[in-house]
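Working notes, structure below.
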Amino acid sequence: MMKERKKELFSIPNMLGYFRILMLPVFLIRYYRAKTREEFTITFVILGLIFLSDALDGFIARRFNMITNFGKILDPVADKLVQGTLALAVALRHPWMKVFFIVFLVKEIYMAVMMLVRGVTQVLGLLLSSALSASISGIAGIGHILTGVGIVLLLISLKKTV
């Protein structure tokens with residue numbers, strides 16, 4: 001039992017998930033301190049590695065049947081941490097974008113509460129109303145939109161340094 005748990009925790013896809021999470025503070029510090037085009041380029045290479053590890057972990061898990069229960073939790077948590085880090089990076093460099101970060105936080109808190117309500121409702125054997133389900137699905141797309149806006153603003157930061 002212990003050996004299986006260890007194998008699950010240290011699977012290649014999960015290791016890529018850990019890598020992604022560990023690279024976030026490196027990205028944030030490098031981005032916040034970047035002043036030259038070269039420093040921004042290094043920052044974007046780090047961001048590229050983060051995105052590549054995200055794509056690879058899912059591909060490897062599915063292709064080689066390495067999907068784990070822990071990975072099903074780790075991957076979405078890592079995704080949210082990436083989104084939050086991008087929102088924070090933009091807010092730190094562009095103070096007027098703090099609203100962007102606040103909207104992201106409010107959305108994530110709302111999603112967490114709605115998922116908790118959904119879980120409690122299912123545990124109690126109650127049927128989840130379609131309105132609540134639609135609300136959760138609709139608000140989930142905001143994270144992708146905010147991530148896209150964040151990436152565009154990061155690229156604008158790079159262009160301004162040239």
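In this text, all values refer to a predicted model and were calculated from it rather than measured experimentally.
Looking at residues two or more places apart in sequence or on another chain, you find a side chain to side chain contact (heavy atoms under 4.5 Å, CB included) between N69 and E8, K72.
Contact of the I46 side chain with the I42 side chain is registered, since non-hydrogen atoms from C-beta on lie closer than 4.5 Å. Using a 4.5 Å heavy-atom threshold, the side chains of I50 and T85 count as separate. Two residues are said to be in side-chain contact when any heavy atoms from C-beta on lie closer than 4.5 Å; L47 and L86 meet this criterion. Annotation: side chain of L92 is not in contact with side chain of F101 (no heavy-atom distance under 4.5 Å). A 4.5 Å side-chain heavy-atom check between R20 and L81 finds every atom pair outside the cut-off. Within the 4.5 Å cutoff, side-chain heavy atoms of F44 are placed close to those of F40.
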Legend entry - Full working for salt bridge (charged side-chain N to carboxylate O under 4.0 Å, His left out) between K80 and E108: CA-CA 8 Å; K80 294 304 169 190; E108 289 306 318; 3.5 Å; yes

Inset, instruction - Starting from the C-alpha separation in whole Å, work towards a yes-or-no answer on side-chain contact (heavy atoms from CB on, under 4.5 Å) for L74 and I21. - result: CA-CA 10 Å; L74 177 65; I21 292 169; 3.7 Å; yes

Inset, instruction - Assess whether side-chain contact (heavy atoms from CB on, under 4.5 Å) is satisfied between I102 and V106, documenting all intermediate values. - result: CA-CA 6 Å; I102 291 168; V106 168; 4.3 Å; yes

Legend entry - Worked verdict on N14 versus Y18 for side-chain contact (heavy atoms from CB on, under 4.5 Å): CA-CA 6 Å; N14 289 346; Y18 304 143; 4.2 Å; yes

Inset, instruction - Could you please spell out the steps behind the side-chain contact (heavy atoms from CB on, under 4.5 Å) verdict for V82 and F51? - result: CA-CA 9 Å; V82 169; F51 288 144; 4.0 Å; yes

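A side-chain donor-acceptor contact under 3.5 Å links R93 to the backbone of Y31.
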